[in-house]
There are 2 protein chains.
Amino acid sequence: MRPTVHDIAAAAGVSLATVDRVLNQRPGVRHVTREKVETAIREIGYVRDVAAANLAKGRTYSFVFIVPASDNSFMHGLNAEVMAAVARSPVERTDIRTVEVPAFDPTALAAALDTLRSERPAGVALVATDAPEVRDAVDRLVQDGVPVVTVVSDLTGSQRHHYAGVDNIAAGRTAARLLGRFLGGAKGDVAVLAGSMLVRDHRERLEGFAAVMAEEFPGLSILPVIEGRDDPDMAHMLVSDALSKRDGIIGVYSLGAGNRGLIRALKEKSVDRALTVIAHELTDHTRTALLDGTIDAILNQDAGHEVRSAIRVLKAKADGLSVIDAQERIRLDIFLKDNLP
Amino acid sequence: MRPTVHDIAAAAGVSLATVDRVLNQRPGVRHVTREKVETAIREIGYVRDVAAANLAKGRTYSFVFIVPASDNSFMHGLNAEVMAAVARSPVERTDIRTVEVPAFDPTALAAALDTLRSERPAGVALVATDAPEVRDAVDRLVQDGVPVVTVVSDLTGSQRHHYAGVDNIAAGRTAARLLGRFLGGAKGDVAVLAGSMLVRDHRERLEGFAAVMAEEFPGLSILPVIEGRDDPDMAHMLVSDALSKRDGIIGVYSLGAGNRGLIRALKEKSVDRALTVIAHELTDHTRTALLDGTIDAILNQDAGHEVRSAIRVLKAKADGLSVIDAQERIRLDIFLKDNLP
DNA sequence: CCATTTTTGATGTACGTAAATCAAATTTTT
DNA sequence: AAAAATTTGATTTACGTACATCAAAAATGG
C-alpha cells in the first residue's frame with residue numbers, strides 16, 4: 001500500500017500537523033524537525049496523492065493559452081484543440097482561458113505576458129514570437145513562479161520550463177533528404193516557400209533544409225527563399241512567377257503555412273511540369289493535394305498533441321512533479337498518401 | 001461549479017442514498033425512481049468525479065498484460081515499457097501484472113486468457129496471436145465484462161474493445177512508396193524479409209507493400225518472401241544467400257523483427273552493391289544502421305505509447321468513460337537519419 | 001528562573017464519492 | 001385492512017489531503 005501522511009508522521013516521530021506544515025511549506029517548524037520529516041519522506045518514498053490533494057483544496061488549475069490571431073488552417077486547428085481542452089476542463093480540473101494577440105508582434109505578446117503577472121495563473125502556454133522583449137517577459141513570469149511552456153514555436157534563451165513542439169531543424173533536414181531522395185540523382189533547382197524569415201521555426205526549417213542539401217545533394221541548388229507571409233494569394237502569385245521564370249525548378253519545399261495558393265499555382269503548371277513537392281502541416285487542402293499527387297509528402301506536427309502535452313506539463317510543473325519525457329516529445333509526422341490518419 | 005451527487009439528489013427530488021443506489025447500480029430502487037434520477041443526471045450533466053470515487057473506494061485498477069516470450073529487441077522494449085508502467089503504478093492507482101506466454105502459440109495464449117476469467121481483473125491487454133481459439137477466449141472475457149485491448153498485433157473478428165497498435169497495411173504501403181520513390185525509376189528485384197507469414201501484422205504489411213508495388217512501381221518485382229522467423233542468424237543466412245544468387249536485387253524491405261542478421265548480411269555485400277533498404281522497428285541496431293547508411297528508412301511503432309495508451313483505454317473502459325480518439329491513435333513513425341529521437 | 005516567543009501536538013472540518021446501517025415510508029400481497 | 005415486502009430517507013464513516021484553531025510543550029531572551 002502506498003504510504004500516506006500518517007506513515008510519514010509515524011516514521012519521523014512527529015505529529016500529522018507538523019508533516020502538513022512541512023509538506024505545504026507552512027511556517028513554524030524548526031530546521032531540524034523539517035529535516036527529520038524530509039528524510040522520512042525520502043526514505044519511505046512518499047508521493048503526495050495529487051487527486052486527494054486537489055479534492056481537499058477544491059483546486060482547479062487556471063491556465064492561460066496565448067495564441068496568435070493568424071488566419072491560417074494550422075492556427076485554426078490549434079485553436080480548435082485548445083477549445084477541445086476547454087470542453088474537457090471540468091473533468092480535468094482545469095480552467096483554461098485563451099488570449100489572442102496579433103501575430104508576429106513581440107511588443108503585444110510581451111504586454112500580454114506582463115498583464116498576466118498580476119493575476120498569477122497556475123500556468124501559461126504561448127506560441128512564442130522569438131524576440132528579446134518576449135523572452136524577458138517570459139523570464140519575469142518564470143521568476144514570479146509561474147510555469148511557462150512554449151507551444152509550436154520556441155523562445156531562444158528564455159527560462160520557459162518546456163517546449164511543446166517539433167525540432168524544426170530536424171524537420172528541415174528531413175524535408176531535404178526526402179526531396180533529394182525522391183528526385184533520385186536529378187540535377188536542378190529547388191524553390192523554397194516560407195512564411196517569414198522573422199519566425200524562428202521557419203528559419204530553423206530552412207537552416208536544416210539547406211544544410212542537408214549542401215552536404216548530400218550537390219546536384220540540387222536552392223533558389224532564394226520566397227516569403228509568402230503565409231498568405232495564399234501572395235504565395236500563389238510568387239510561386240507562379242518563379243515557376244514561369246525558372247524552368248530549372250524540379251522541387252519545391254513549402255515550410256510555412258498557407259499552402260492553398262501554392263497548391264493552386266502547382267496545379268496550373270502541372271500540365272507541363274513534373275515537380276516533387278514537400279509541404280508542412282496537414283490540412284484539408286494539403287491532404288487533398290497529397291492524395292491527388294500534387295504534393296509528395298507532408299511534414300506535420302499534431303496540434304492536439306501539443307496542446308494536451310502543454311497542459312500535462314503545466315500541471316506537473318504546478319505540482320512540482322516530473323513528466324514522462326518520451327510522452328511529451330512532439331514527433332514530426334511524415335505523411336505519404338498511404339499513411340494518412 | 002461542477003455538479004455533485006447532492007445536486008442530482010436535489011434535482012431529482014430524492015435522497016442522496018437513492019442517487020448512490022442508482023449510480024452504483026445497487027438494488028432496491030423502483031423503476032420510475034431510477035428513471036427520474038437518470039434524467040436528472042443527464043439534464044444537469046453530472047459526471048462522476050473519478051478521482052474522488054477512486055479515493056473513496058480505495059480503488060486500484062488491476063490490469064494484466066499478456067506478452068509473448070520472444071527474444072527480440074522489440075519485445076524487450078515492450079516489456080521494458082510495461083515495467084516502466086509498473087513502476088508508476090502507485091501514482092496511477094494501477095496494479096499491473098505481466099504474464100508471459102510462448103510466442104505464436106494460440107493454445108497457450110487462449111489458456112492464459114481463460115485462466116484470467118476466474119480472477120476478474122479490471123482489464124487485460126494482450127499481444128494477440130491471430131487465431132480463432134484466441135478470439136473465442138477474448139470474447140469470453142469480454143462477455144464476462146472484462147475490458148480487453150490488443151497491443152501491437154490485433155485479433156480478427158474479436159470483440160476486444162480497442163487495438164493499441166499501428167495500421168499495418170498502411171505501414172506496408174508506406175514502405176513500398178518510400179522504397180519505390182527512393183529507387184527513382186530503376187528497374188529490378190525487391191527482397192522481402194519477414195518473420196513469419198503466420199502473424200497478422202506481418203501478413204498485413206506484406207499485403208500493403210505488394211499492393212502499392214503492383215499499382216505504382218511496375219518496374220520493381222517482389223521476390224518470394226524470405227521468412228527469417230525473427231531470428232538474426234537465420235535472417236543473415238537467408239539474406240546473404242539471396243543477395244549472392246540474385247544480382248538483380250536493388251531493394252530490401254524487412255517487415256519483421258530481428259534485423260541484426262539482415263544488417264550483417266547487408267554490410268558484407270555493401271562493397272559491391274548499392275541497395276535501398278527499409279526496415280521496421282527502431283532498435284540500437286537499426287538506429288546505427290540508419291545512421292551509417294546501411295538502412296535508408298525505419299518504420300516504427302512506439303511501444304511506450306502503445307503501453308500507455310492501452311492503460312488509459314482500459315481505465316476508461318473500466319470506468320465506463322470515453323477516450324480522446326486522436327490521442328489513442330498509434331502513429332506510424334517514419335525515421336530518416338535526420339529525425340531520430 | 002521567569003516571561004516571552006517559537007515550535008509542536010491534538011483535533012475538527014472539508015472536498016466528492018462509496019458503502020453501510022437502521023428507521024420510516026410506501027407499495028404489494030393476502 | 002392488516003401483514004409482509006419493498007423502496008426510500010437519514011445518517012455515519014471512510015478515503016488521503018488541506019487547512020484552521022487552540023492548547024501544550026519546548027526553546028529563547030533577559
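In this text the structure is predicted, and so the values were computed from the model without any measurement. In what follows, chains carry the letters A, B, and so on, assigned in the order in which the sequence lines appear, proteins first and then strands, with residues in each chain numbered from 1.
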task = Could you state the atom-to-atom distance from CZ of A:Arg93 to P of C:dG16 in whole Å?
result = 8 Å

message = Over all strands shown, is A:Gly28 touching base, sugar-phosphate only, or nothing at heavy-atom distances under 4.0 angstrom?
response = base

remark   = Whole-Å distance, B:Glu35 CD to D:dT7 P, equals 15 Å

ask   = Rounded to the Å, how far apart are B:Arg34 CZ and D:dT8 C1'?
value = 13 Å

A:Leu16 CG to D:dA18 C1', straight-line distance once rounded to whole Å = 11 Å

query = Between B:Arg97 and B:Glu119, is there a side-chain N and carboxylate O pair less than 4.0 Å apart?
reply = yes

inquiry  = Starting the side chain at C-beta, find the nucleotide from C:dA18, D:dT7, C:dT17 nearest to B:Leu23.
reply    = C:dA18

key: 5'-most by nearest nucleotide on DNA chain C - A:His31 or A:Gly58   = A:His31

Atom-to-atom span, CG of A:Asp49 to P of D:dC15 - whole angstrom = 13 Å

task = Check the distance between D:dT6's C1' and B:Arg26's CZ and give it to me in whole angstrom.
result = 18 Å

task = Could you tell me whether A:Val14 contacts a base, only the sugar-phosphate backbone, or nothing, with contacts defined as non-hydrogen atoms closer than 4.0 Å?
result = sugar-phosphate

message = Quick one, A:Leu23 and A:Val19 - any side-chain contact, counting heavy atoms below 4.5 Å?
response = yes

query = Can you tell me how far the CD atom of B:Glu328 sits from the OG atom of B:Ser322, to the nearest 0.5 Å?
reply = 10.5 Å

Sugar-phosphate, base or nothing in reach of B:Ala17, heavy atoms under 4.0 Å = base

task = Report the residue (B:Val50 or B:Arg30) whose heavy-atom-nearest nucleotide on DNA chain C is the more 5′ of the two.
result = B:Val50

query = Are any of A:Arg48's side-chain N or O atoms less than 4.0 Å away from OP1 or OP2 of D:dA18?
reply = yes

request  = Return no unless some side-chain N or O of A:Thr18 is found under 4.0 Å from OP1 or OP2 of C:dG9.
outcome  = yes

request  = Starting at atom CD1 of B:Ile41, determine the distance to atom P of C:dG16, rounded to an integer number of angstrom.
outcome  = 17 Å

request  = From the options D:dT17, D:dA14, D:dG9, select the nucleotide whose nearest atom is closest to the side chain of A:Tyr46.
outcome  = D:dT17

message = Quick check on DNA chain D: between A:Asn24 and A:Arg21, whose nearest nucleotide comes earlier from the 5' end?
response = A:Asn24

message = Using a 4.0 Å heavy-atom cut-off, does B:Asp20 contact any base of the nucleic acid, only the sugar-phosphate backbone, or nothing at all?
response = base

task = Please report the C-alpha distance between A:Val86 and A:Thr94 in whole Å, then the side-chain angles of each, then the deciding distance to 0.1 Å, and finally whether the side chain to side chain contact (heavy atoms under 4.5 Å, CB included) criterion is met.
result = CA-CA 8 Å; A:Val86 170; A:Thr94 53; over 6 Å; no

Comparing B:Val29 and B:Lys57 on DNA chain D - which has the more 5′ nearest nucleotide = B:Val29

Cation-pi, A:Tyr61 ring and A:Arg59 (6.0 angstrom, 45 degrees) = yes

ask   = CG of B:Asn54 versus P of C:dT17: gap in Å, rounded?
value = 12 Å

